[in-house]
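Quick notes on the structure that follows.
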Amino acid sequence: MSFHFAEQLTAKLSDALSRTDFSGDLPEGFRAKIDQTQNRQFGDYQSNAAMILAKELKRNPREVATAIANAFDGGELCEKPEIAGPGFINFRLKTAALTAKLVQLIADEEHLGVTPVASPKTIVVDFSAPNVAKPMHVGHIRSTIIGDCLTRVARFLGHHVITDNHIGDWGTQFGMILWGWKNLLDESALKADPIPELLRIYREVNAKTKEDAALLDLCKSELVKLQQGDAENLAIWQRCVELSKQGLQKIYDRLDVTFDHWFGESYYNDRLAPLVDELIATGVAEASEGAICVFFRDNEKLADKPALIRKSDGGFLYATSDLATIDFRISELGAEAIWYVVGAPQQLHFDQIFSISARRGQTADLQFVPFGSILGKDRKMLRTRSGDTVQLADVLSEAVDRAMLIIEEKNPDLPANEKTEIAEVIGIGSVKYAELSQFRMTDYIFDWDTMLSLKGNTAPYLLNAYVRTRAIFRKLGSPYETGGSLTLTEEAEKDLLLKLAQFAEIVPAVLDDFRPNSLAAYLYEVATTYHQFWEACPVLKVEGEIRQTRLALCELTGRVLRCGLGLLGIRTTEKM
Ligand code: ARG
């Protein structure tokens, strides 16, 4: 098992603390933290432990820092620490330690220094989950991209991840769809492209009901017939779901997103009545004005927000089916954790069902992973020119068309089929990267020009950096070969190596607070650091050990970029 630099330094730092004269006075469970520095001028890592301890011990911070630095044994790893400013302790790694790391990383082709988690968990990731026959809105785009990324990272770290597309295939929208299907359907349009046709009838009926209250009643009675098992309505419903799934599958294929299951809300229909009975019997739920509710009387946040789980007309709700889903995932999928990647407006819903789950004694670790909105350039909700919700399929096609323009300009002589493939990688990658490079709670602005720019923190910039790492081996005429001794000499080489070594520190941290954007920011730094190395250090013009070292750095940069982009769900291309 290998440790990354931050872990090694943390261990040495706690060692040093145990050797200081105040080792007996450390606060309970005190763990000194080591941070990466922004600029290697001040060392490679830094700790503010002395400042925190000085406050606790009522001593001078620089004095505490000096005591720690004197007790610190850097061994082969780092030089004697330096004290800076009000009491920061700065650590500089020894060149030999950096070189040894390069040797170790280039040999670790699969994990690039990332250590798998010590105790893998079974995690169900609930993401994407659009509603059948209703527009898949931009919120579903965010959920799909973020959920897929978290899945990839968790799997890379060794967790057992089960992805479940909890589609809304049993909502009240089916009342309108059923009526529309029977009265407005254009069969040939449905055959040609089902999702837009289903959407059209949903929208049309929805609009009509606004003016025609009687129609709303007709839709409701279609819904009731469906819920009571009417054969004709069930058959229509089933076809709608089937067609929608096929349409969605095409989008997921294009996005390179896969699901282990698509149980969907309807899967739990038969489990809802017994579940509500059980909740009443165990005293979790109670009758209230003819309906069945769960009250959260001793929960300050939810005290005045009971969850409705059965309506007075006997109908069940979104919350009821989510509770049944938790049971199923725990007992039949073996879930120890469930992550819900769903828009922030559903916070209350998840607070409620998590609280009910806890009251029932379930111990699975339930995590709500919310996200904000995508805005148009006018800072309002993203809409099409005609004012409709933006469709994911259209976004992807436009992204690929626009990426094609870049390739036509940059590399017009490529064969047409290669261009098509590369445009797909850049277009889809740009949409994903625009999403993942933002903190998920940020309402970000969807802007084609920024996301497809070759400059800045964008997918094309990162893909271009990757392409450059590959081009050097094409020029060399052979792929990277291990062997020969390596030696780091220039600062630009050390900067790059340190950055690459930090992949092992960044990847696990993505799951701490579900922040793919920290990985994106890191990859951007890798690309810029590589660029600086490239400017400062000729590779093919030098010989021997220095050339071999630089080739290793190029190869490793390529691997880190490819693997890191892969964790974001972004494919790479060898040329662009
Ligand atoms: N279909 C829901 C929506 O579009 C999202 C479902 C999220 N998952 C869940 N288990 N509730 O709002």
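Computed from a predicted structure; not experimentally measured. Read the numbers this way: they start at 1 and go in the same order the structure lists the ligands and their atoms.
A salt bridge links Arg200 and Glu197; the closest N-O separation between the charged side-chain nitrogens and carboxylate oxygens is under 4.0 Å. A salt bridge links Lys182 to Glu222: one of the charged nitrogens lies within less than 4.0 Å of a carboxylate oxygen. Taking the charged nitrogens against the carboxylate oxygens, Arg329 and Asp126 do have a contact shorter than 4.0 Å, which makes a salt bridge. Between Arg360 and Asp327 there is a salt bridge, since at least one side-chain N of the basic residue sits less than 4.0 Å from a carboxylate O of the acidic one.
Close approach to Tyr340 involves these atoms of ligand 1, each under 4.0 Å from a residue heavy atom: 10 (N). Of all atoms in ligand 1, numbered sequentially from 1 with element shown, those under 4.0 Å from a heavy atom of Val342 are 7 (C). Against a heavy-atom cut-off of under 4.0 Å, His140 is close to the following atoms of ligand 1: 3 (C), 4 (O). In the vicinity of Asn131, heavy-atom distances shorter than 4.0 Å reach the ligand 1 atoms 1 (N), 2 (C), 3 (C), 4 (O). Residue contact check: Tyr318 has heavy atoms under 4.0 Å from atoms 2 (C), 5 (C), 6 (C), 7 (C), 9 (C), 11 (N) of ligand 1.
When the options Leu178, Asn233, Leu234 are evaluated for a side-chain contact (heavy atoms from CB on, under 4.5 Å) with Lys225, the one that passes is Asn233.
Geometrically, ligand 1 and His349 share no nitrogen or oxygen pair separated by less than 3.5 Å. Taking only nitrogen or oxygen atoms, main chain and side chain alike, Ala129 reaches within less than 3.5 Å of ligand 1.
At a heavy-atom distance under 4.0 Å, no atom of Ile167 approaches ligand 1. By the criterion of a heavy-atom distance under 4.0 Å, neither the backbone nor the side chain of Phe368 is placed next to ligand 1.
More than 12 heavy atoms of other residues, nucleotides or ligands sit less than 6.0 Å from atom CD of Gln367.
Considering Thr325, Asp126, Asp169 only, the shortest heavy-atom separation from atom 8 (N) of ligand 1 involves Asp126. Considering only non-hydrogen atoms, atom 9 (C) of ligand 1 lies nearest to His166 out of Gln346, Arg329, Glu265, His166.
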Next on the checklist: Please determine whether side chain to side chain contact (heavy atoms under 4.5 Å, CB included) holds for the pair Arg254 and Val400, giving the CA-CA distance in whole Å, both sets of side-chain angles, and the decisive distance to 0.1 Å.
Outcome noted: CA-CA 11 Å; Arg254 201 162 191 198; Val400 171; 3.5 Å; yes
Next on the checklist: Pair Asn165, Tyr252 - check side chain to side chain contact (heavy atoms under 4.5 Å, CB included), show working.
Outcome noted: CA-CA 11 Å; Asn165 194 3; Tyr252 295 133; 3.2 Å; yes
